[in-house]
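Notes follow the structure.
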Amino acid sequence: MESLSNWERSCYCGEPGLAQVGQKITVMGWVHARRDHGGVTFIDLRDRSGLVQVVCNPQVSPAAHAAAKDVRLEYVLAVHGVLARRSPETVNPNLPTGEVEVSASELRVLNPSRTTPFPVDDSIIPTENARLRYRYLDLRRPQMYENLRLRHRLAKLVRDYLDSQGFLEIETPFLTRSTPEGARDYLVPSRVNPGAFYALPQSPQLFKQLLMVGGVDKYFQIVRCFRDEDLRADRQPEFTQIDVEMSFVRPEDIFRLTEGMMVRLCHEIKGMELSLPFSHLTYAEALARFGNDKPDIRFGLELRELTELFRETDAQVFTDVITKGGVIRGIVVPNATFSRKELDDLNPLAVSFGAKGLAWVRLTATGWQSPLAKFVSDEKKREITVALGLKEGDLLLMVADQEKTVCDVLSRLRLYLGDKLGLIPKDEMRFLWVTDFPLLEYDEEAKRYVAMHHPFTSPHEDDLPSLETEPGRVRAMAYDLVLNGVELGGGSIRNHRLNVQQRVFAQLGIGETEAQDKFGFLLEALSYGAPPHGGIAFGFDRLVMLFAGAESLREVIAFPKTAKAVCLMTQAPSPVEPKQLRELSIKLDL
RNA sequence: GGGGUCGUAGUUCAGCUGGUCAGAACGCCGGCCUGUCACGCCGGAGGUCGCGAGUUCGAGUCUCGUCGGCCCCGCCA
């Protein structure tokens, strides 16, 4: 093992080309491959930029050739030599540096490596278990480096854009106080205040509002947030938000700012030109047409309302549901070439989505083909066929149940069909604003209303009078940004008027005493000339994931956690010393 | 908390209805080779089949439990 001493790297491995032929260069990196021909040894040296072939020829340097004999995969080398042009028959067209090679005059082993637990190569992707345990090896794979680089570039573009729009990046505390509502908090015990805990922020929500009261006017932060909830492919316990807040704004101002940002990101990263403005749907429209509030609008297969069309039929499975206040909705698959088996397989799928069953009608040359055919009169069949514009070959898939279940099942079925039928243009970026969310949602378990967005969201001005009389019907000045069916961000105009905030708290069952206790600082701030303000926050990890075309957040996070919120590399979380617990006045009860 | 799925050599995997099923490729170790780039050739080492019970004459294979990875539901203002 040798030291770097006075050696200085002259270029990255992926950089040398014909222009540098004849120059003495020094490259450093990892041994990606070694081909020993006895007389001459080839080493592919890799760093983050790519590969270059190093030739160790005893006629050039006996020492380098001898040193190359003991070199193994993933050893760290420094190589000094002349960049040579390869003879035409030895050019490797698959390598960006394939026209040249480094003729080694000196080769230093800076560090050996044990045999790695898996190959450092994009050709075989090891199990996620191994990748996460040895993340530093996984990160050597070109794909992972590209993901990290993409993440960096996006962050920089976001910063530059918001800076150009007059925003200040301001840090807010990580050690803050736990607040009711929302996700479970990660708690941090306070040593100097025994029995008291900080909470890691689920988002800097209140701080950014207080910055507005502080006259900052335009704030942003690319900031870590923490939520102690169960994980998913698109959910990590700590994740990064692009957090934005502005004063004296309407939703349109937030839309314009966001659209400008996304236009720039898509242009710079993908060379795509987005058309503006983005599509808009109200929450009610989204639910009616797509069955959920984050529809993928890259393809059709919209939901169809069928309740009235089937009300006067003898199809008892349908009429029973209608009697119980349920609905019937469906999806028309144009020109469906499903085999009978494929059709039958849809039923258990629908059941797995929560349906009791899946009804279908296929329009053939001879009319309706359907298990329901004998329960529907010919006249009704004609009426339904016309109403839905069914054509020969079309397939109508139907679910009857309570509205929520129907929406749920059909929205998932729609995505499944879109994917299976190849209707989703994978390289499109279709942004969508979803607006007019309900302010409140009735929580059956808690037997009270809870905030759909968060408790600081402003009710729609027009609905303000009915906040107490019809709380469930009040719309919020809240909006979500959806990209290709993924909820990318959400925000709202906040309550800047003290009395409105107090009225919302009251609807949430937060009494005056509790409000003072938990949010006193906010209510106080609102009483000192808080400007109208609002903002938005984007899931930065999800943004990177979508731009990378990755299937999981873990692909774009350097050191992610498993589905059980464990870091397989550091083995966090871990038990701590009794002494640490004593200092914190904490006793374990396991 | 619930459901599904996976766990066999360092890695990726094969191993059928229980009975030569302890296998392949790559990697690793040794040897040969001066133009390879998935180098080639010869030889070799390497596995408590995640772990624990059970069924059976016999379990990698079946059953139950358990641990871990992944996916989903609940949860995620």
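It should be emphasised that the depicted structure is a prediction, and the values quoted were computed from it without experimental measurement. Below, chain A is the first sequence line, B the second, and so on; all start at residue 1.
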Checklist entry - For residues A:Thr179 and A:Arg177, is any side-chain donor paired with an opposing acceptor at under 3.5 Å? => result no

Checklist entry - In whole Å, what is the span from the CG atom of A:Asp234 to the C1' atom of B:C75? => result 13 Å

Item to check | B:G27 OP1/OP2 closer than 4.0 Å to side-chain N/O of A:Arg114 | outcome: no

Next on the checklist: Can you check the distance between B:C16 and B:C21, where both ends of the measurement are the C1' atom (answer in whole Å)?
Outcome noted: 12 Å

Next on the checklist: At less than 3.5 Å, do the side-chain atoms of A:Arg235 and the base atoms of B:C76 form a donor-acceptor pair?
Outcome noted: yes

Item to check | Whole-Å distance separating the CG atom of A:Asn57 from the P atom of B:U36 | outcome: 14 Å

Checklist entry - Looking for any heavy atom pair under 4.0 Å, which part of the strands does A:Asp228 touch: base, sugar-phosphate only, or nothing? => result nothing

Next on the checklist: Test ring pair (Phe, Tyr, Trp, His ring centres under 6.0 Å) on A:Tyr416 and A:Phe353; report intermediate values, then the result.
Outcome noted: CA-CA 11 Å; A:Tyr416 170 83; A:Phe353 292 159; 7.2 Å; no

Checklist entry - Starting at CG of A:Asp122 and ending at C1' of B:U11, how long is that distance when rounded to a whole Å? => result 15 Å

Next on the checklist: Any N or O donor-acceptor pair under 3.5 Å from the base of B:G74 to the side chain of A:Arg232?
Outcome noted: yes

Checklist outcome for this item: Sorted by position of nearest nucleotide on RNA chain B, 5' first, the leading residue of A:Leu568 and A:Glu229 is A:Leu568

Checklist entry - Is any side-chain nitrogen or oxygen of A:Arg72 closer than 4.0 Å to OP1 or OP2 of B:C29? => result yes

Checklist entry - When all nucleic acid strands are considered with a 4.0 Å heavy-atom cut-off, which category describes A:Glu128: base, sugar-phosphate, or nothing? => result sugar-phosphate

Item to check | Residue whose nearest RNA chain B nucleotide is more 5′ - A:Val40 or A:Pro126 | outcome: A:Pro126

Next on the checklist: Under 3.5 Å for both donor-acceptor distances, Watson-Crick or wobble: does B:U55 have a partner, and if so which one?
Outcome noted: none

Next on the checklist: Any N or O donor-acceptor pair under 3.5 Å from the base of B:G74 to the side chain of A:Asp230?
Outcome noted: yes

Next on the checklist: Once you apply a heavy-atom cut-off of 4.0 Å, does A:Thr41 come out as touching a base, just sugar-phosphate, or nothing?
Outcome noted: nothing

Checklist entry - Would you say the side-chain atoms of A:Lys447 pair up with the backbone N or O of A:Glu444, donor to acceptor, closer than 3.5 Å? => result yes

Checklist outcome for this item: Here the distance between atom C1' of B:G10 and atom CZ of A:Arg131, to the nearest Å, is 18 Å

Checklist entry - Taking the C1' atom of each, how far is B:C49 from B:G23, in whole Å? => result 12 Å

Checklist entry - Would you say the base of B:C37 and the side-chain of A:Arg86 have a donor-acceptor pair closer than 3.5 Å? => result yes

Checklist entry - Which is true for A:Leu508 with a 4.0 Å heavy-atom rule: it touches a base, it touches only sugar-phosphate, or it touches nothing? => result nothing

Checklist outcome for this item: From CG of A:Asp36 across to C1' of B:C33 the rounded distance in Å is 8 Å

Item to check | Geometric class of the A:Tyr134/A:Tyr136 ring pair [parallel <30°, tilted 30-60°, perpendicular >60°] | outcome: perpendicular

Next on the checklist: side-chain hydrogen bond (donor to acceptor under 3.5 Å, both in side chains) for A:Asp243 and A:Tyr219? Distances and angles first, verdict last.
Outcome noted: CA-CA 8 Å; A:Asp243 195 43; A:Tyr219 144 94; 2.8 Å; yes

Checklist entry - Is there a donor-acceptor contact under 3.5 Å linking the side chains of A:Glu512 and A:Gln516? => result no

Next on the checklist: Between B:G50 and B:U8, how far apart are the two C1' atoms, rounded to whole Å?
Outcome noted: 10 Å

Checklist outcome for this item: Testing B:U11, B:C75, B:G68 for proximity to the side chain of A:Pro119, the answer is B:U11

Next on the checklist: Using a distance-only criterion (donor-acceptor N/O pair, under 3.5 Å, no hydrogens), is the base of B:G35 paired with the side chain of A:Glu101?
Outcome noted: yes

Item to check | For B:U61, the Watson-Crick or wobble counterpart (both distances under 3.5 Å) | outcome: none

Next on the checklist: Taking only the C1' atom of each, what is the distance from B:G40 to B:C26 in whole angstrom?
Outcome noted: 15 Å

Checklist entry - Is any side-chain N or O of A:Thr127 closer than 4.0 Å to OP1 or OP2 of B:U12? => result yes

Item to check | Ion pair check, A:Glu229 and A:Arg184, cut-off under 4.0 Å | outcome: yes

Checklist entry - So which nucleotide does B:C41 pair with, by the Watson-Crick or G-U wobble rule with both distances under 3.5 Å? => result B:G31

Item to check | Rounded distance (Å) that lies between atom C1' of B:G35 and atom CG of A:Asp44 | outcome: 13 Å

Item to check | Separation of B:G69 C1' from A:Phe118 CZ (nearest whole Å) | outcome: 14 Å

Checklist outcome for this item: In A:Arg135, A:Lys561, A:Arg554, the residue satisfying salt bridge (Lys or Arg N to Asp or Glu O under 4.0 Å) with A:Glu128 is A:Arg554

Next on the checklist: Pairing check on B:G68: which nucleotide meets the Watson-Crick or G-U wobble criteria with it, both distances under 3.5 Å?
Outcome noted: B:C6

Checklist entry - Taking the same atom, P, in B:G69 and in B:C57, what whole-Å distance lies between them? => result 38 Å

Next on the checklist: My understanding is that a pair needs two contacts under 3.5 Å, Watson-Crick or G-U wobble. By that rule, which nucleotide pairs with B:U36?
Outcome noted: none

Next on the checklist: Just to be sure I understand the rule, does A:Pro455 reach a base, reach only the sugar-phosphate, or reach nothing, if contact means heavy atoms closer than 4.0 Å?
Outcome noted: base

Item to check | Rounded distance in Å between the C1' positions of B:A25 and B:A9 | outcome: 12 Å

Checklist entry - With a centroid cutoff of 5.5 Å and a plane-angle limit of 30°, would you call A:Phe42 stacked on B:U36? => result yes

Next on the checklist: Under the criterion of centre distance below 5.5 Å and interplanar angle below 30°, is A:His37 classified as stacked on the base of B:U36?
Outcome noted: no

Next on the checklist: Give me the distance, rounded to whole Å, that separates B:G60 from B:G19 when you measure between the C1' atoms they each carry.
Outcome noted: 13 Å

Item to check | Geometric class of the A:Phe505/A:Phe519 ring pair [parallel <30°, tilted 30-60°, perpendicular >60°] | outcome: parallel

Next on the checklist: At 4.0 Å (heavy atoms only), tell me whether A:Ala183 reaches a base, stays on the sugar-phosphate, or touches nothing.
Outcome noted: sugar-phosphate

Checklist entry - Which nucleotide, in any strand shown, forms a Watson-Crick or G-U wobble pair with B:G18, with both distances under 3.5 Å? => result none

Next on the checklist: Any carboxylate oxygen within less than 4.0 angstrom of a Lys/Arg side-chain nitrogen, looking at A:Glu238 and A:Arg224?
Outcome noted: yes

Next on the checklist: Without decimals, in angstroms, what is the distance between A:Asn92 CG and B:A38 P?
Outcome noted: 6 Å

Checklist entry - Is the distance from OP1 or OP2 of B:U36 to the nearest side-chain N or O of A:Arg35 less than 4.0 Å? => result no

Item to check | Nearest to side-chain heavy atoms of A:Thr90, which nucleotide of B:G35, B:C73, B:G10 | outcome: B:G35

Checklist entry - What nucleotide, of B:C71, B:G68, B:C33, holds the atom closest to the side chain of A:Asn129? => result B:G68

Checklist entry - Does A:Thr562 have a side-chain nitrogen or oxygen under 4.0 Å from the phosphate oxygens OP1 or OP2 of B:G69? => result yes

Next on the checklist: I want to verify a distance call: between B:G69, B:C71, B:U34, whose nearest atom is closest to the A:Gln59 side chain?
Outcome noted: B:U34

Checklist entry - How far does the C1' atom of B:C41 sit from the matching atom of B:U34, given to the nearest Å? => result 16 Å

Checklist entry - Which nucleotide, B:G69, B:G27, B:C76, lies nearest any side-chain atom of A:Val566? => result B:G69

